[in-house]
Amino acid sequence: MRELIDLDRAQRRRLPDWSEIVDRLRSSTRDTAVAVLRRGGGRPALQPRCGVGGHPEMLALLRALDRAGAPDLLSVTIDSHTRLRHFATADRARRENPGQLNGYPLVAHGWERGRALVDAVGVPLQVRHGSPDGRDLFAVSLAAGITSFEGGGIGYNIPYAKDVPLAESLRAWQQVDAVTAALAGHGVVLERELFGSLTAVLVPPSLSLAMTLLEALLAAEQGVRCVSVSYPQSGEVHQDVAALRAIRSVAARYLPADMTVFTVLHEFMGVFPADRGWAEALVHYGGLVGRIGAADKVITKTRQEAHGIPTAAANAEGLRLARAACSPLLDFIRLNEDRVTEEQAWIETEVAALVEPVLNRAPTLAAGICAAFADGTLDIPFSASVHAHAAVVPLRDPTGAVRYHSPGALPLPRAALDRQRGLLNQRTGRITEKILADINYFAAREPWAAEPEEATA
Amino acid sequence: MRELIDLDRAQRRRLPDWSEIVDRLRSSTRDTAVAVLRRGGGRPALQPRCGVGGHPEMLALLRALDRAGAPDLLSVTIDSHTRLRHFATADRARRENPGQLNGYPLVAHGWERGRALVDAVGVPLQVRHGSPDGRDLFAVSLAAGITSFEGGGIGYNIPYAKDVPLAESLRAWQQVDAVTAALAGHGVVLERELFGSLTAVLVPPSLSLAMTLLEALLAAEQGVRCVSVSYPQSGEVHQDVAALRAIRSVAARYLPADMTVFTVLHEFMGVFPADRGWAEALVHYGGLVGRIGAADKVITKTRQEAHGIPTAAANAEGLRLARAACSPLLDFIRLNEDRVTEEQAWIETEVAALVEPVLNRAPTLAAGICAAFADGTLDIPFSASVHAHAAVVPLRDPTGAVRYHSPGALPLPRAALDRQRGLLNQRTGRITEKILADINYFAAREPWAAEPEEATA
Amino acid sequence: MGDTAFRSRRRLVLGVAASDAHAVANRLIHLMLVQQGFRPHNLGVCTPLAEFADAAADLDAAAVIVGSVNGHAVEDLRGLPDLRRMGRLRCPVVFGGRPSIDAAGHPAARARLRDLGVDHVLDRPEELPAVLDSILSAALTHA
Amino acid sequence: MGDTAFRSRRRLVLGVAASDAHAVANRLIHLMLVQQGFRPHNLGVCTPLAEFADAAADLDAAAVIVGSVNGHAVEDLRGLPDLRRMGRLRCPVVFGGRPSIDAAGHPAARARLRDLGVDHVLDRPEELPAVLDSILSAALTHA
Ligand code: B12
Ligand code: B12
């Protein structure tokens, strides 16, 4: 398996033998992440983001969340330095001032400590990061016995780096996928989750789905037969439920028939309200949307999202709010199904229009993707990377649904654009003001019930 | 005003002059409870139950809830001794071992301390108790400047005492109502809330509504023109929303046209699940039902309901869960309106059948009520009092709605009973087992996510 | 189940403590005892301890069973030593329910109840038959 | 608003700190500065401090504006004293965003940033124009 993936030399030296890694994963009696998702149980599995710099602190955080939040899976959220392969910086920071890191530097702490994290809690762990090239992190995760790894060559590049050529990130992630497929051959099915949130701010659903679909196709090329496709809550329930359903319909249409696809909802990923009441309502609402949309998993947020890295207590409360939203007591809730059906049909049309030209292009899928980003026929708003045009301008329509105000060079069908323009024309005002208002769609609400933050802490 | 109400002599000696009491209520610049309800704001006002024995502890509890739970109103829940006019016992207990009291002994602490409670927080207080004869408590509450007082001659007798003749409790509450009306004449409109929860366990909605309607009519006789009618959540959403709507339709039909009626939902009052996940879901669900049913107020429960008197933190969390349920983010939720309409029509029919014979009876309404309880044509299940037959046997139908398995001597229409029997016949098993199962309807659920209670505390 | 005919040989006095109006458990326990062949006399809710004593004397009851869930058990049973001393309550006293206002207070409250002279402090109704059987058979042997 | 023509006399270097990929504030601030008559050169996200220095030198910029919201500002700016010492970064440095990973850490992080030689530590984009105006007018006066 070692030959499938190029690792940093220093890293390779430190890792155990691949055979040991594989044997340990195979013989583990712990639940894998995929086992948890397969078990299902009629409601979404719940998972928080969580990661702090120090190792003892990370152990304590995982244990506290496991106990107080009753998650189905837990995260190891990686710090920014490690994401960008600044391993030396991460290592110095975790030695000198671990409390100031915005995540757990798993590569610097090393796989032995990773195993301690796995052993600390009763639920499987997932590594969540944002690395254009996550190969070393992946290898350390596997050595630690972690059975779920997030990312992909598009979604972990364009929003997460300035200048990593797409061809490079796609190649790195092809290697991750190849190892994932090989492990499945040994009976170890990893959760390979594709990050559909992109820049997380006003992402039109069809854009998110197009990107994760392309990443899923790349994974399929490498032999992967099980992926999780994530989608970021827009905040308009009919649109969000339609998008979650569209993940399945689009997957059925384009992905291999023997591919398992789990759907994941990211609770609202944009600018969160600072007001505690609104933040709590939004956290709950995310869980509810995930459940109505029959997501297999919901990644929860916290009432402290607008304020900083959350405390364990606030993170646990976020889980519990989402859990209350997933209760069977709420089975009675009905949506306007006509609206959902209409939205879903449009999303499917738009995804087809975005993806099909890429499939029919260039020698390889990866090359097609690179070419499409180069000419702007694939693109995202607010791109962090110079390798996307960032010519797409999204806006919310009067219901709050996210639409294409300007598609840039995206090859969206005329009918779809006309419909969206029709919806957007109902709003007046200057475009920059509208964008700002839409970025702050939830953050700008009047306080829901004024009272000091941390009053219960 | 003093002549309207007979008070304990010792009590009367300790109270300030009535004129002082009235002046203080009139000149207060604080929100009254009714002002908060009138203001509305498109979502139910939220109020927790709360009461501990010690005075400093009670101050701390109110302040903590006000800060961390952002309630719209707060309660002063009274201890059992005081409820039953065991004032001497309450007084000894609050001096010797206040921490062991199950509520705040307001009479023993006295009206000066009551004023301190009022001054401690930014929201109005309500006295919640369960006194067949609450006159002294009422007088102390008024002297304290408290603008909301719960209770009534039926609902605060039959579930709360063994052997207080109804005629006595009705007379005591007529005096409370007379003072309430006189105060309104001075411009001080109290919230007079009628306790519809009765014994709280499997109470058929029409029974709850019939009792509060009779109490509202008694209050109207004394000149009261503003009441809150409370109803205990059954747990089946269509039935509960129908019941909340029926409060208004029934009030419009039977009560004076110039009477203001606020609707109050008591979050589930029966046996609560011990499991934290279920308890939280149920607390949230209660808030949601109140909001869908357009209740003016929701009295919240806590995740510790099954375990004991809640901590301030758990109580605040209950408020916040209910608040999340009242968020505008959930405006999209729709019910099966046909089911609600059908339920509401039946509830109205049943209430008419229960109440109209009483209205046409005997010299006075109060006498009619006494006679009806005496012959069982008014009755409640699980009566605490010997003055009700307790011949009514309720059961849940397969949807969870509470029905009359046996009406005892209640004069319910044949069609209503046939319908309910039809629904109940779908269930098999022995009747005692069914009752037990229904009492434990929420408590008996499989753990929602097993984890130790108090993990976050 | 063996022979339980002896269960009907003596009366039992059942009820809920003086300040406690919770009726549901009391009604269900009454039903359960009757179904199992005991002969309970139910005083219902809000019953002062002296009334338990009087009823026990009147009926020559084998035991007094006091329920309480409202958290006031210790306060409501504080008269027990006096009643014992005055010889007004001679049979065993069984307590069942929630001894205190919250879980944290239960152990101390249980100890207090025993100090007051309660013979058996139970949590659940299912514990009742065995305890009553032992009381009844002891009483019948010594009688 | 007064005469703001001087705003276009010198370039400004704008960007986000080395480990930080948050792009939205950066794009909006760039837009705002242009609209207000400044001439920012935007290096975008994930920009090492040395690149800020090089760009400032190349463009003879009046100020360097470093944004960071991911909490790593102190770490990402730790090279500032060295760059100053080597004379590679001479103009004022303005920091804006979230200085630390949570509210509790902000005061200490602000102090650390000042120790490192950051001239202005701002929270909100609205504070930027006044600070830049003062820097620019001082620079133009001394020039
Ligand atoms: C969208 C978002 C993302 C997107 C970013 C996509 C992209 N490339 O742009 C994604 C999902 C990729 C992401 C990733 C991460 N994020 Co992020 N993210 C957010 C979020 C939700 C909104 C940020 C945003 O766009 N805001 C809108 C813009 C306009 O405002 P802003 O960035 O908040 O900045 C304001 C001020 O800080 C100031 N400001 C900002 N820059 C500057 C510069 C100057 C000169 C001035 C004067 C002012 C200024 O003005 C802005 C308007 O008021 C915030 C939380 C929130 N606010 O709700 C978290 C947040 C900023 N992220 C955070 C973190 C830690 C991360 C990660 C490290 C993952 C993790 N551990 O959670 C990674 C970062 C990876 C990396 N290498 O940097 C933390 C930062 C913690 C802190 N410092 O308090 C936050 C607060 C979330 C949280 N509560 O944990 N994130
Ligand atoms: C319904 C209810 C009421 C109804 C009662 C109506 C009626 N007259 O019966 C109303 C609304 C009127 C009410 C009022 C009050 N209640 Co109440 N009530 C409940 C509730 C929700 C269910 C009780 C019930 O019926 N359970 C079903 C029966 C079958 O079970 P049970 O009573 O829990 O008893 C079990 C065991 O304790 C045991 N058991 C009980 N008695 C006996 C006796 C023997 C001999 C044995 C062996 C076993 C035994 O067996 C039962 C089955 O397992 C509980 C909370 C819960 N469980 O969810 C609170 C609860 C019991 N109430 C409580 C309190 C404090 C009050 C009030 C004082 C108001 C207040 N401060 O909150 C008043 C009491 C007034 C008074 N004078 O006593 C507290 C008691 C605190 C504690 N001890 O831990 C509880 C736990 C709620 C809470 N978390 O605060 N209540």
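Labels below follow one simple rule: chain letters A, B, ... track the order of the sequence lines, proteins then strands, and each chain is numbered from 1.
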Task: Residue D:D76 versus chain A: region with a heavy atom under 4.5 Å - done: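 Only the side chain of D:D76 comes within 4.5 Å of chain A.
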Task: D:L43, part contacting chain A, at a heavy-atom distance under 4.5 Å - done: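 For D:L43, the contact with chain A is made by backbone and side chain together.
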To the closest 0.5 Å, what do you measure between [atom1] ([X]) and [atom2] ([Y])?
{"X": "D:D102", "Y": "A:H307", "atom1": "CG", "atom2": "NE2", "answer": "11.5 Å"}
{"X": "D:N26", "Y": "A:F382", "atom1": "CG", "atom2": "CZ", "answer": "12.0 Å"}
{"X": "A:R92", "Y": "D:R78", "atom1": "CZ", "atom2": "CZ", "answer": "3.5 Å"}

Give, as side chain, backbone, both or neither, the part of [X] having an atom under 4.5 angstrom from any heavy atom of chain D.
{"X": "A:L436", "value": "side chain"}
{"X": "A:R83", "value": "neither"}
{"X": "A:I309", "value": "both"}
{"X": "A:A90", "value": "neither"}

Task: Atom CZ of A:R95 with >12 non-hydrogen neighbours under 6.0 angstrom - done: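 Counting other residues, nucleotides and ligands, CZ of A:R95 exceeds 12 neighbours.
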TODO: Please tell me if the side chains of A:V271 and D:V24 come closer than 4.5 Å, counting only heavy atoms from C-beta onward.
DONE: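 No, too far: nothing below the 4.5 Å cut-off.
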Task: Under 3.5 Å: donor-acceptor pair, side chain of D:H72, backbone of A:N102 - done: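 Yes, D:H72 side chain to A:N102 backbone: donor-acceptor pair under 3.5 Å.
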- [ ] Look at the side chain of D:R27 and the backbone N and O of A:S383, then say whether any donor-acceptor pair between them is shorter than 3.5 Å.
- [x]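 It does hold such a pair.
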Open item on the list: Only heavy atoms, only distances under 4.5 angstrom. Which residues in residues 157-167 of chain A are near chain D?
Closed with: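 From residues 157-167 of chain A, the residues near chain D are A:P159, A:Y160, A:A161, A:K162.
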Shortest non-hydrogen contact between [X] and [Y], atoms and distance:
{"X": "A:L84", "Y": "D:A18", "answer": "CD1-O, 3.8 Å"}
{"X": "A:G308", "Y": "D:R98", "answer": "N-NH1, 4.1 Å"}
{"X": "A:A384", "Y": "D:A23", "answer": "CA-CB, 3.7 Å"}
{"X": "D:S19", "Y": "A:H81", "answer": "CB-ND1, 3.6 Å"}

- [ ] Would you mind telling me which of A:A93, A:A306, A:P310, A:P381 has the largest number of heavy-atom pairs within less than 4.5 Å of chain D?
- [x]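 The candidate making the most pairs under 4.5 Å is A:A306.
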Open item on the list: Only pairs of heavy atoms separated by less than 4.5 Å count here; which of A:L101, A:T89, A:D79 has the most with chain D?
Closed with: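 Among A:L101, A:T89, A:D79, the one with the most close pairs to chain D is A:L101.
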